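Single-structure report; data block below.
The residues of the chain are indexed from 1 along the displayed sequence. As the structure is a computational prediction, the values presented were derived from the model and not from experiment.
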Amino acid sequence: MTIYLDNLAATPIDPRVAERHRAAMSEHSANANSAEHRGGADAHASVAAAERSVAAAFGDDAQEVTFTPGASAALWLAVEDAVARAGSRVARIAATAVEHPSLLAALRRAERAGRVHVTVIPVDASGAPRLHSVETVLAEGVDLLCAMAVNNEVGTVTDLTAVIAMADARGARTLVDASQAAGRIDFQPGDLTVVSGAKMYGPRRAGALIGTLSKAATDLAHEVFGSPDGPAATALAHALALRLAEREADEARIAVLRDTLEAQLVDAVPGLRVNGAPSSRIAGSLHVSTPHLPGEAAVARLWGRVDLSTGAACQSGVAGPSHVLSAMDVEDWVREGAVRIGIGRFNTEDEIDAAGAMIAAALTAEPARRRA
């Protein structure tokens, strides 16, 4: 049986969430925008209940919630909202260099079209935004400041309290990508906050954008995404509620598993480097680099035995080093030998013990030599 350790890419769905999703698909099969009959009204009510539940998780059950077909779609919508708010002028958007590739891609597309001006904020060696650079960029004038709550590769937690305070002082709106943070840690939401069902043991292709959108962005969401997926919204809300209720115990246990695995690997693999911020990372994140061979080779050696990755799932198969590690300005061997391990609530002590031995062997192995 394969041991799954790629929980930063996607978490297995909680059986309780899967059951709630299944029940919602049976109970609310009508279109939530069909107001002409009881089925449509009931489906609409289920979406409204999910909206209130998600909003309440962020401290305000009156907050607007827009359900989207995934976090990437929500990030794109946030960019479109900034463009709409700017009116006839070019929107000024700043984003850290380690944002999710889907957000960076949306920004590049909009910039090529002449709709936004993008400023990239550098990060330090742990992947955290350099606060003095944030202040400098904001002083030049910014409409929207984008910052990840937790980096999706190295697991570093951003000091959002400081970042958002700076933005508020300069009158800039904030977008927080909380895909890796929601249901795992406490964090300060932005004017717009993105969550992902796929990262909280919830449904795939389900995300939410929490915060007030312009009418133009709201209309665009309806035009592009169509009627809301009521069952997916219900399942996402249930997944988030479960995480908030259980995360303290779960994350503490996950941190112990992570520390156990880290100690095993550091002891067994000469020269192993732990990346990110060891004192400020989410519990399930363990990002390491081996000096012995490329990360892709190490992952390939574990095929069918341990599932892990070299970086963001959306970048799988993309040639070149991780944009996160490149932004962190680490040595070449650190970029090339990187492996991302993500531990989740369904992993066990026995799995970690077994995986540790296999991962250590894979990270230490020398690449095969070519025959003459």
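- Applying the salt bridge (charged side-chain N to carboxylate O under 4.0 Å, His left out) criterion to Asp350, with sequence neighbours excluded, gives no partner residue.
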- Message: Using the rule given for salt bridge (Lys or Arg N to Asp or Glu O under 4.0 Å), can you reason through Arg115 versus Glu80, listing the C-alpha separation, both sets of side-chain angles and the distance that settles it, and then say yes or no?
- Response: CA-CA 9 Å; Arg115 303 165 68 221; Glu80 293 301 316; 2.5 Å; yes

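- Among all heavy-atom pairs drawn from Ala239 and Gly202, the shortest one is CB-CA, 3.7 Å.
- Within 6.0 Å of CZ in Arg205 there are 12 or fewer heavy atoms belonging to other residues, nucleotides or ligands.
- Distance alone, capped at 3.5 Å, places no donor-acceptor pair between the Ser53 side chain and the Ala49 backbone.
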- Message: salt bridge (Lys or Arg N to Asp or Glu O under 4.0 Å), that's the test. Do Asp250 and Arg247 meet it? Break it down for me.
- Response: CA-CA 5 Å; Asp250 281 342; Arg247 71 177 182 186; over 6 Å; no

- Message: For a salt bridge (Lys or Arg N to Asp or Glu O under 4.0 Å) check, start with the C-alpha distance between Arg16 and Glu246, then their side-chain angles and the critical distance, and finish with the verdict.
- Response: CA-CA 13 Å; Arg16 296 168 295 178; Glu246 300 173 356; 2.7 Å; yes

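- Rounded to the nearest 0.5 Å, atoms NE2 (His28) and CG (Asp42) are 6.5 Å apart.
- A distance of 10.5 Å separates OG1 of Thr119 from CG of Leu145, quoted to the nearest 0.5 Å.
- Across Arg170, Arg89, Arg85, a single residue satisfies salt bridge (charged side-chain N to carboxylate O under 4.0 Å, His left out) together with Asp143, and that is Arg89.
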- Apply side-chain hydrogen bond (donor to acceptor under 3.5 Å, both in side chains) to the pair Ser214 and Asp81, showing each step before the final yes or no. CA-CA 6 Å; Ser214 61; Asp81 179 66; 2.9 Å; yes

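- Listed by chain and number, the residues in a side chain to side chain contact (heavy atoms under 4.5 Å, CB included) with Ile164 are Leu160, Asp168, Thr174, Val176, Gln188 (sequence neighbours excluded).
- Taking NE2 of His117 as the reference point, atom CG of Leu107 lies at 11.5 Å (rounded to 0.5 Å).
- Of the N and O atoms on the side chains of Ser289 and Arg273, not one donor lies less than 3.5 Å from an acceptor on the other residue.
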- In sequence, state the C-alpha distance, the side-chain angles, and the governing distance for Glu251 and Arg184, and then conclude on side chain to side chain contact (heavy atoms under 4.5 Å, CB included). CA-CA 7 Å; Glu251 294 302 297; Arg184 286 178 171 144; 4.0 Å; yes

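- Residues passing the salt bridge (charged side-chain N to carboxylate O under 4.0 Å, His left out) test with Asp159, sequence neighbours excluded: none.
- Counting heavy atoms from C-beta outward, Val256 and Arg253 have side chains that stay 4.5 Å or more apart.
- Residue His222 qualifies as open at atom NE2: its count of foreign heavy atoms under 6.0 Å is 12 or below.
- The two residues Leu144 and Ala82 have their closest heavy-atom pair at CD2-CB, 3.9 Å.
- Without hydrogens or angle criteria, Ser322 side chain to Val324 main chain gives a donor-acceptor distance under 3.5 Å.
- Within the 3.5 Å criterion, the main-chain N or O of Arg281 finds no donor-acceptor partner in the side chain of Ser285.
- A donor-acceptor pair under 3.5 Å links the side-chain atoms of Thr193 to the main chain of Gly190, judged by distance alone.
- The CG atom of Asp229 sits 10.0 Å away from the CZ atom of Phe67 when rounded to the nearest 0.5 Å.
- Using modelled atom types and a 3.5 Å distance limit, the side chains of Asn347 and Arg345 yield no donor-acceptor pair.
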- Item | Verdict with reasoning, Glu19 to Arg22, per salt bridge (Lys or Arg N to Asp or Glu O under 4.0 Å) | CA-CA 5 Å; Glu19 175 56 27; Arg22 185 205 63 76; 2.8 Å; yes

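- Remark: of the listed residues Val299, Ile343, Leu8, Val299 is the sole one forming a side-chain contact (heavy atoms from CB on, under 4.5 Å) with Leu308.
- Side-chain atoms of Asp124 come within 3.5 Å of backbone atoms of Ala128 as a donor-acceptor pair (strictly under, hydrogens ignored).
- Residues Ile341 and Leu265 are in side-chain contact: their nearest non-hydrogen atoms beyond the backbone lie under 4.5 Å apart.
- Surrounding CZ of Arg92 are more than 12 heavy atoms belonging to other residues, nucleotides or ligands, all under 6.0 Å away.
- Looking only at distances, a side-chain donor or acceptor of Thr2 sits under 3.5 Å from a matching main-chain atom of Gly304.
- Taking each heavy atom of Gly230 and Ser46 in turn, the nearest pair found is CA-OG, 4.5 Å.
- Side-chain contacts under 4.5 Å among hydrophobic residues (ILVMFWY), followed directly or transitively, place Leu242 together with Ile13, Val17.
- A side-chain N or O of Asn31 and one of Ser227 form a donor-acceptor pair less than 3.5 Å apart.
- The heavy-atom pair separating Glu153 from His287 by the smallest distance is O-CD2, 3.1 Å.
- Residues passing the salt bridge (charged side-chain N to carboxylate O under 4.0 Å, His left out) test with Glu51, sequence neighbours excluded: none.
- Looking at heavy atoms from C-beta onward, Asp191 lies out of side-chain contact with Thr212 at the 4.5 angstrom threshold.
- The two atoms that bring Leu244 and Ala57 nearest to each other are CD1-CB, 3.4 Å, heavy atoms only.
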- Message: Could you walk me through whether Glu262 and Val274 satisfy the side chain to side chain contact (heavy atoms under 4.5 Å, CB included) test, starting with their C-alpha distance in whole Å, then the side-chain angles of each, then the deciding distance to 0.1 Å, before giving a yes or no?
- Response: CA-CA 8 Å; Glu262 179 178 321; Val274 179; 4.0 Å; yes

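- The NE2 atom of His21 sits 10.5 Å away from the OG atom of Ser26 when rounded to the nearest 0.5 Å.
- Residues Met148 and His100 meet the side-chain proximity criterion, which asks for heavy atoms closer than 4.5 Å.
- Here the closest non-hydrogen pair linking Ala78 and Leu209 is N-CD2, 4.2 Å.
- Of the options Leu257, Ile359, Leu286, a side-chain contact (heavy atoms from CB on, under 4.5 Å) to Leu5 is made by Ile359 and by none of the others.
- The 12-atom threshold is not exceeded at NE2 of His44, counting heavy atoms of other residues, nucleotides or ligands nearer than 6.0 Å.
- Among pairs with a residue in residues 328-354, those fulfilling ring-ring contact (aromatic ring centres under 6.0 Å, His included) read Tyr201-Phe346, at least two apart in sequence or across chains.
- Side chain of Ser326 to backbone of His323: no donor-acceptor contact under 3.5 angstrom is found.
- Under the 4.5 Å side-chain criterion, counting only non-hydrogen atoms from C-beta, Pro270 is in contact with His292.
- In this structure, a donor-acceptor pair under 3.5 Å is absent between the side chains of Thr156 and Asn151.
- There is no side-chain donor-acceptor pair under 3.5 Å between Ser179 and Ser196.
- One distance of note links CD1 of Ile282 with CG of Asn152; it measures 9.5 Å at 0.5 Å rounding.
- Looking only at distances, no side-chain donor or acceptor of Lys199 sits under 3.5 Å from a matching main-chain atom of Ala10.
- Under a 3.5 Å cut-off, the side chain of Glu27 and the backbone N or O of Ala24 do not form any donor-acceptor pair.
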